[in-house]
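Each chain gets a letter, A, B and so on, in the order its sequence line appears, and its residues count up from 1.
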Amino acid sequence: MIRKALIGSHAIAMAVKLANVEVISAYPITPQTIIVEKIADMIERGELKAEYIRVESEHSALAVVYGASAGGSRVFTATSSHGLLYMYEMLWWVANSRLPVVMAVVTRSIGPPWNIHTDHQDVLSVRDSGWIIGFAENVQEVLDMTLQAYKISEDRRVLLPSIIALDGFILSHTSEPVVIPEPSEVNEWLPPRKPLPFKVEAGKFFAVGNLGPDDVTMELRWYIWRAMERAKYTINEVSLDYAKRFNTGSPAGLLETYRTTDAKYIAISMGSWSGDIKEAIDILRDEGYNVGLIRLRYIRPFPLEELRDTVSSAKALIVFDRAVSMGHQGILGMEVVSATNSKIPVKNIIAGLGGVDVSHHDFSNIIRGFIEEYESGLSIEWSIPEWYMPWMIKESEER
Amino acid sequence: MSIQRLALSKFRGVIPGNPACSGCPHNIGLKIVGKTIGDKVILVVPAGCTSIISGYWPRSGLEFPILHVPFASAAAVASGLKAALESRGENGVVVVWSGDGGAADIGFATLSGAAVRNDDILVIVSDNEAYMNTGVQASGTTTWKALTTTSPVIGKTEEKKDIALIMLLHKVPYVATASIAYPTDLAEKIERAVSIRGFKLIHLHSPCPPGWRFDADKTIAIAKLAIETGAWILWEYNNGSFKISPQSKLYADKSKRKPLSEYLKMQGRFMHLTDEDIRGIENKIDENWKLILELEKYYSTKR
């Protein structure tokens, strides 16, 4: 085990190397590009023995790893924003074929206008496709979650592809100290991929994806849904085992709780800004507010039971969303409202779209206001989400 | 490969009574693929007629290992699959069996990408000159003037793009045209192609009875007439050598060709043509011959 300063993109590449990935497809898009550049460098220097395929589009990037995964290989690709949207059709094809593909999504806003900075609109637009979707908070977790993704996706109880989402620039381009597990220990923990769920071979008649009766389609969807349910247990099991073995400091499980044990007001978030929210929670705790944070590590499968347990004695929830479903609410907000069966008032804040920076001061101001509103009986107005606009940020700085 | 060897091959590949239309050229082409390289092949099939011909689960109309894949993804899937085989030193010939739409239109960027990388795959474009699986809509490879359901009265107003020549200019090691009416030529081309490492493409002329509107027993006759009238030219490019295939060679001399109207008049899609239109098509064919003969000359002097 060594400690090293790594940017998030290089942490992904390091995990790909540690996992002994066999086939990688590469297509550049900011801010993902440096992941596949780093992997190319590793391969050309002979540090990683893998096939590296430079494709002409993201649709083909996922098609290549689909083919390689169907041929039995452990695979990797990465993308962002428009690249992910261009892959959309292939995403479903991979998941419906139950292939354990692992992909990094460096989150980025969707245009127009062109914008290369982070929000979660890209990755959350694929949340129904049958992929396991994890969100990292820091660079250590980027590395840990990527390694775990192979173990989880290739588990015979799961056999579903995984996305590791990391915030563009904030994680992908920022250097942090990272504990890197020993390669020999990783090899022992993550043996080569077994040819599951299938492997196409010459001379063996076997068709994948051909026409079938309608009831078979429905049955296959049901299997995927059940595999997602089982993935909850597998994620817990794998991440706990990983934490015990490698002791890198990343939390295990589908969600992380921060000062929630006695919290009456709980914030809910995903991704890198959760670090800022934790700071805000500390400030508010010092001021005497009874607040905590739930950070979802996975949005698919959704940590329904854990979330319900954690919020069971809370008075009200505030959900910070970096993505919105136009015509309704923030996407995480919708998920939380449905998970709590509307039994607890939920305030939904939409902020940080297009990479707009929200600081821990903003978060503490927003959460303070939320508690005051609840205590003066104004939570009835929370039915529509509140947009925390950039000009509000300037105001709060002046204050 | 002789016709006897083709006939003696025990490989089934295509199961009798599969869901193909009667007289389907894809069945004929796939049968020849099976009989030449069936025991070592893995097929990658994008959306198209063959998605249907392959049959309804749990039965199968084709006896091959097959990956059915989205329309625009086939060449990339094949590249990935081949990389998986290569990374573990496993054998297997990866063949994309595609229609003209899946190769030349929606799948073109993907096809071009695989060609540029010179990935070790064989792409067979079974060209029936329209989107037949969705019910005969005009494609980039539909012939000028042909009637389709999206060009129903005056016919297609644009040119047919030449996917084989476009791929030749990708500087890949092997590109050939073929016809389902000449099975030994096709079989030999398949065998030669798979003996070469790198990207190979065979553009297969596949007359479609319902799409071109002719009787199902005329598939071979029409495919043959396409050669005999010079409308389809068989040629082969193999690592720097470009040759018009013997079956077409004779028709470089225009006087040896059968009258074009014999070929066109058998097809409902050309029933509306005026004499002037037929002369127009004939001019295009003459121009094509000029180009192919020039290419043959160019590559022979280059060597």
Side-chain angles (χ1 to χ4, degrees), chain A residues 20-25 27 49-75 77 86-94 96-97 99 101 192-193 195 198-213 216-217 220, chain B residues 12-13 19 37-46 50-88 90-94 107-117 119 121:
Chain A
N20 297 309
V21 171
E22 296 164 281
V23 179
I24 293 128
S25 60
Y27 193 75
K49 196 180 162 289
E51 303 280 335
Y52 187 87
I53 302 178
R54 289 179 286 267
V55 291
E56 77 300 326
S57 74
E58 288 90 354
H59 192 279
S60 287
L62 200 50
V64 159
V65 292
Y66 169 83
S69 191
S73 291
R74 184 171 286 162
V75 300
T77 194
Y86 199 47
M87 282 178 178
Y88 196 61
E89 171 186 41
M90 286 310 302
L91 285 163
W92 292 75
W93 205 270
V94 168
N96 287 344
S97 306
L99 289 169
V101 172
R193 183 186 156 200
F198 58 81
K199 182 180 162 197
V200 283
E201 282 169 86
K204 222 172 79 182
F205 307 139
F206 178 58
V208 183
N210 53 323
L211 279 173
V216 167
T217 299
L220 292 171
Chain B
R12 285 216 295 176
I37 52 169
D39 52 339
K40 38 188 175 182
V41 81
I42 304 173
L43 290 186
V44 178
V45 177
T50 308
S51 315
I52 312 298
I53 297 169
S54 174
Y56 206 62
W57 188 90
R59 295 169 195 279
S60 180
L62 300 173
E63 256 182 11
F64 292 97
I66 303 180
L67 273 183
H68 290 279
V69 298
F71 213 177
S73 71
V77 170
S79 299
L81 179 57
K82 186 65 192 179
L85 299 179
E86 276 177 356
S87 76
R88 267 176 277 111
E90 291 174 18
N91 295 323
V93 176
V94 181
F108 181 65
T110 311
L111 181 72
S112 175
V116 167
R117 291 189 301 271
D119 287 334
I121 60 173

task = Could you tell me whether K40(B) and E201(A) make a salt bridge, using a distance below 4.0 angstrom between a side-chain N and a carboxylate O?
result = no
request  = Count the heavy-atom pairs under 4.5 Å between each of V69(B), D39(B), V45(B) and chain A, then report the option with the highest count.
outcome  = V69(B)
message = As an exercise: rank A63(A), G209(A), S57(A) by heavy-atom pairs under 4.5 Å with chain B and give me the winner.
response = A63(A)
request  = Please test E22(A) against E86(B) for side chain to side chain contact (heavy atoms under 4.5 Å, CB included), starting from the C-alpha separation and ending with a verdict.
outcome  = CA-CA 10 Å; E22(A) 296 164 281; E86(B) 276 177 356; over 6 Å; no
request  = Identify which part of L62(B) has an atom lying under 4.5 Å from any heavy atom of chain A, answering side chain, backbone, both or neither.
outcome  = neither
ask   = Given that the side chain runs from C-beta out, which part of T110(B) has a heavy atom under 4.5 Å from chain A: side chain, backbone, both or neither?
value = both
query = Does some side-chain heavy atom of V64(A) sit less than 4.5 Å from a side-chain heavy atom of V77(B)?
reply = no
remark   = So NZ of K82(B) and CD of E51(A): to nearest 0.5 Å the spacing works out to 10.5 Å
inquiry  = Does any backbone or side-chain atom of S60(A) lie under 4.5 Å from a heavy atom of chain B? Answer side chain, backbone, both or neither.
reply    = both
query = What distance do E63(B) atom CD and F206(A) atom CZ have between them, rounded to the nearest 0.5 Å?
reply = 15.0 Å
request  = List the steps and the verdict of side chain to side chain contact (heavy atoms under 4.5 Å, CB included) for I42(B) and K204(A).
outcome  = CA-CA 9 Å; I42(B) 304 173; K204(A) 222 172 79 182; over 6 Å; no
key: From L67(B), V44(B), L43(B), residue fulfilling side chain to side chain contact (heavy atoms under 4.5 Å, CB included) relative to V200(A)   = L67(B)
ask   = Contact part of E56(A) toward chain B, heavy-atom cut-off under 4.5 Å: side chain, backbone, both or neither?
value = both
remark   = Between H59(A) and S73(B), the two heavy atoms sitting closest are CE1-CB, 3.8 Å
inquiry  = Please classify the contact between F64(B) and chain A as side chain, backbone, both or neither, with a heavy-atom cut-off of under 4.5 Å.
reply    = backbone
note = Correct closest heavy-atom pair for E89(A) and F71(B) would be OE2-N, 4.3 Å
key: Winner by heavy-atom pair count (cut-off under 4.5 Å) against chain A, out of R59(B), R117(B), E90(B)   = R117(B)
inquiry  = Using modelled atom types and a 3.5 Å cut-off, is there a donor and acceptor pairing between side-chain atoms of R88(B) and backbone atoms of G71(A)?
reply    = yes
Side chain / backbone / both / neither for V55(A) at chain B, heavy atoms under 4.5 Å = both
Contact summary for A84(B) and A68(A), nearest pair of heavy atoms = CB-O, 3.5 Å
Which atom of P65(B) lies closest to which atom of A202(A), heavy atoms considered = CG-CA, 4.1 Å
ask   = Can you tell me how far the CG atom of N210(A) sits from the CH2 atom of W57(B), to the nearest 0.5 Å?
value = 9.5 Å
ask   = So which heavy atom on P70(B) is nearest to which on M90(A), and how close?
value = CG-SD, 3.5 Å
key: Least distance between heavy atoms, I53(A) atom then A83(B) atom   = CD1-CB, 3.6 Å
